[in-house]
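One structure is given below, encoded as structure tokens.
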Amino acid sequence: MAFGGQNPYGPQRQPDGGHTVPPVPPQPGAGPYQGGNPYQGPNPYQGPDPYRGGSPYQGPNPYQGGSQPYPGPSPVPYPQPPVPYGPYMPPPPSVWQRFRAGDWPPLSTLLQRLGAHWYVLAALVCCALPFFLMFVIGYPMARSARLMAHRRFPPFHRRVQDPQVTRVQKARAWCALAASLLILCLYGTEADVEELQEQFMIRLAITPWLLLLTAPVVILVLFRISSPVARPRMRAGIGPAARSALWFVGATTAVPLLFMGAVFIGVQLQDADPPALFTLATFVPALWMVLFVGFASVSVVRTVFGTSEMHAALPALLTGLLVWELTAVNLLSGMPPGPPLVQIAAVVCGPASVSAVAWWELRRLRTRFGVRLRA
């Protein structure tokens with residue numbers, strides 16, 4: 001080899017227990033880099049590290065159990081800037097968002113909101129003072145009646161909550177309302193509008209009573225076809241549902257009694273010529289009870305007196321049966337306006353769509369939650 005059989009650039013072997021291979025001495029006349037290579041001298045980077053032992057960060061670590069404080073400066077040589085913002089807090093909901101969520105704000109909150117737009121408040125006071133006074137008096141009464149109705153008849157009192165079913169039911173209700181308004185705008189008259197209002201009030205008044213008559217029959221049939229294991233649970237749910245039904249019957253019975261009492265007091269005080277404000281005050285309990293029954297009716301129709309505690313499928317079964325009973329009641333007052341084909345579609349499509357949604361809800365209860373009619 002040109003370099004004497006030893007690579008001058010390779011690492012030299014060090015003494016290892018007697019197995020020492022001395023380096024090859026330089027041979028004169030050999031390659032120009034043998035013995036004169038300046039890179040074969042001591043490596044200045046192999047000496048003592050100037051940063052070892054002298055670094056201010058190599059002192060005893062106070063987190064390793066030492067008692068001495070940290071000798072060097074702070075690991076962060078510059079001060080940390082303060083956090084410009086605190087934790088993210090979502091903005092408070094608006095009045096409209098609270099109404100949509102079912103949380104009616106107090107009257108003071110509404111007046112403060114109107115006070116922010118002082119011109120609106122001034123217009124209400126100056127131009128519509130009677131309506132403004134009715135709002136100031138009627139809104140707290142309606143809010144109180146709604147709170148009591150939802151406390152006695154919870155609007156979402158169901159054992160199985162399925163948000164997808166709720167969304168489909170709301171979409172179906174809005175589509176039905178849009179179809180009814182479209183038929184009324186195309187083929188309706190003033191008499192049809194008045195008849196529609198009467199049908200709405202009749203349906204609102206008769207629906208809870210139809211539920212009171214229909215629910216025991218459906219419960220009895222479901223109780224007979226259910227297994228003996230599920231019957232004790234159904235018996236335990238009869239008591240709360242019966243109490244809810246009795247509360248509703250008592251509230252609806254109190255409405256005419258309170259009106260009769262207010263009229264009787266007005267007749268008795270007719271000779272005394274009481275002020276008009278006192279006469280109106282005698283009707284306040286009756287009006288409050290009317291509002292209570294109205295809000296309670298919506299909750300009762302939605303939850304069917306809380307019968308889901310007996311069986312999770314009862315609300316869907318009762319809804320699918322009740323809609324056909326209401327259709328038969330509405331047919332007693334006449335057919336909807338329009339050509340014969342439109343009338344048949346308006347009569348059949350509404351209850352058929354409700355029954356289809358109820359059947360789909362029963363199917364989801366069976367496939368996703370394991371609820372069966374004979375379980």
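Here the structure is a predicted model, which means the values were calculated and not measured.
Expressed to the nearest 0.5 Å, how far CD1 of Ile219 lies from CG of Leu222 amounts to 8.5 Å. Between the CH2 atom in Trp209 and the OG1 atom in Thr252 there is a gap of 3.5 Å [rounded to 0.5 Å]. Atoms OH and CD1, on Tyr139 and Ile137 in that order, are 15.5 Å from each other to the nearest 0.5 Å. With rounding to the nearest 0.5 angstrom, the CD1 atom of Ile206 is 9.5 Å from the CD atom of Glu325. If you take SG on Cys175 and NZ on Lys170, they are separated by 14.0 Å, rounding to the nearest 0.5 Å. Rounded to the nearest 0.5 Å, atoms CZ (Phe292) and CE (Met141) are 14.5 Å apart.
Each of Val354, Val347, Val348, Leu322 was checked for a side chain to side chain contact (heavy atoms under 4.5 Å, CB included) with Thr327, and the lone residue meeting it is Val347.
Put simply, the side chain of Phe305 reaches to within 4.5 Å of the side chain of Leu211, judged on heavy atoms. In this structure, Arg233 and His311 have side chains that are not in contact, with every pair of non-hydrogen atoms separated by 4.5 Å or more. Using a 4.5 Å cut-off on side-chain heavy atoms (C-beta onward), Ser226 and Met234 make contact. With contacts defined as side-chain heavy-atom distances shorter than 4.5 Å, the pair Trp288/Phe283 does not qualify. Within the 4.5 Å cutoff, side-chain heavy atoms of Ser355 are placed close to those of Trp324. Pro336 has its side chain out of reach of Tyr187: every pair of non-hydrogen atoms, C-beta onward, lies at least 4.5 Å apart. For the pair Arg151 and Met148, the minimum side-chain heavy-atom distance is below 4.5 Å. In this structure the side chain of Val218 reaches within 4.5 angstrom of the side chain of Thr214, judged on heavy atoms.
By the criterion of side-chain heavy atoms lying less than 4.5 angstrom apart, applied directly or through intervening Ile, Leu, Val, Met, Phe, Trp or Tyr residues, Leu258 is grouped together with Val267 in one hydrophobic cluster. When the side chains of ILVMFWY residues are joined at heavy-atom separations under 4.5 Å, either directly or via intervening members, Val298 and Met289 end up in two distinct hydrophobic clusters. Note on Val221 and Leu321: separate hydrophobic clusters, where clusters join Ile, Leu, Val, Met, Phe, Trp and Tyr whose side-chain heavy atoms are under 4.5 Å apart, directly or indirectly. Under the 4.5 Å side-chain heavy-atom criterion for ILVMFWY residues, no single connected hydrophobic cluster contains both Trp174 and Val165. Both Val300 and Leu212 are part of a single hydrophobic cluster, where members link through side-chain heavy atoms under 4.5 Å apart.
The shortest heavy-atom contact between Met310 and Gly237 is CG-C, 3.3 Å. Considering every non-hydrogen atom in both Thr303 and Pro154, the closest pair reads CG2-O, 3.4 Å. The minimum heavy-atom distance linking Gly350 with Arg172 is given by the pair O-NH1, 3.8 Å. Here the shortest heavy-atom pairing between Ala145 and Leu291 reads CB-CB, 3.7 Å. Between Pro140 and Leu107 the shortest heavy-atom distance is CG-CD2, 3.8 Å. Considering every non-hydrogen atom in both Ile183 and Ala346, the closest pair reads CD1-CB, 4.0 Å.
One N or O on the side chain of Ser180 and one on the backbone of Ala176 form a donor-acceptor pair closer than 3.5 Å. Gln343 places no side-chain N or O within 3.5 Å of a backbone atom of Met335 that could act as its donor or acceptor partner. Glu361 contributes no side-chain N or O that, together with a main-chain N or O of Ala316, makes up a donor-acceptor pair within less than 3.5 Å.
Heavy atoms of other residues, nucleotides or ligands lying less than 6.0 angstrom from CH2 of Trp359 number 12 at most. Remark: Leu341 CG is loosely packed, at most 12 non-hydrogen atoms of other residues, nucleotides or ligands lying under 6.0 Å away. Within a 6.0 Å radius of CE in Met260, other residues, nucleotides and ligands contribute 12 heavy atoms or fewer. Within 6.0 Å of atom CZ in Phe264, 12 or fewer heavy atoms from other residues, nucleotides or ligands are found, so the atom counts as exposed in its surroundings.
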Which atom pairs, one a donor and one an acceptor, fall under 3.5 Å between side chains of residues 238-251 and the rest of the protein, sequence neighbours left out?
none

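Under the rule for a ring pair (Phe, Tyr, Trp, His ring centres under 6.0 Å), Phe259 has no partner lying at least two apart in sequence or in another chain.
Taking the six-membered ring where the residue is Trp, His150 and Phe295 present perpendicular rings, their angle passing 60° and hence far from 30°.
Under the 6.0 Å distance and 45° angle rule, Arg231 counts as a cation-pi partner of Phe223.
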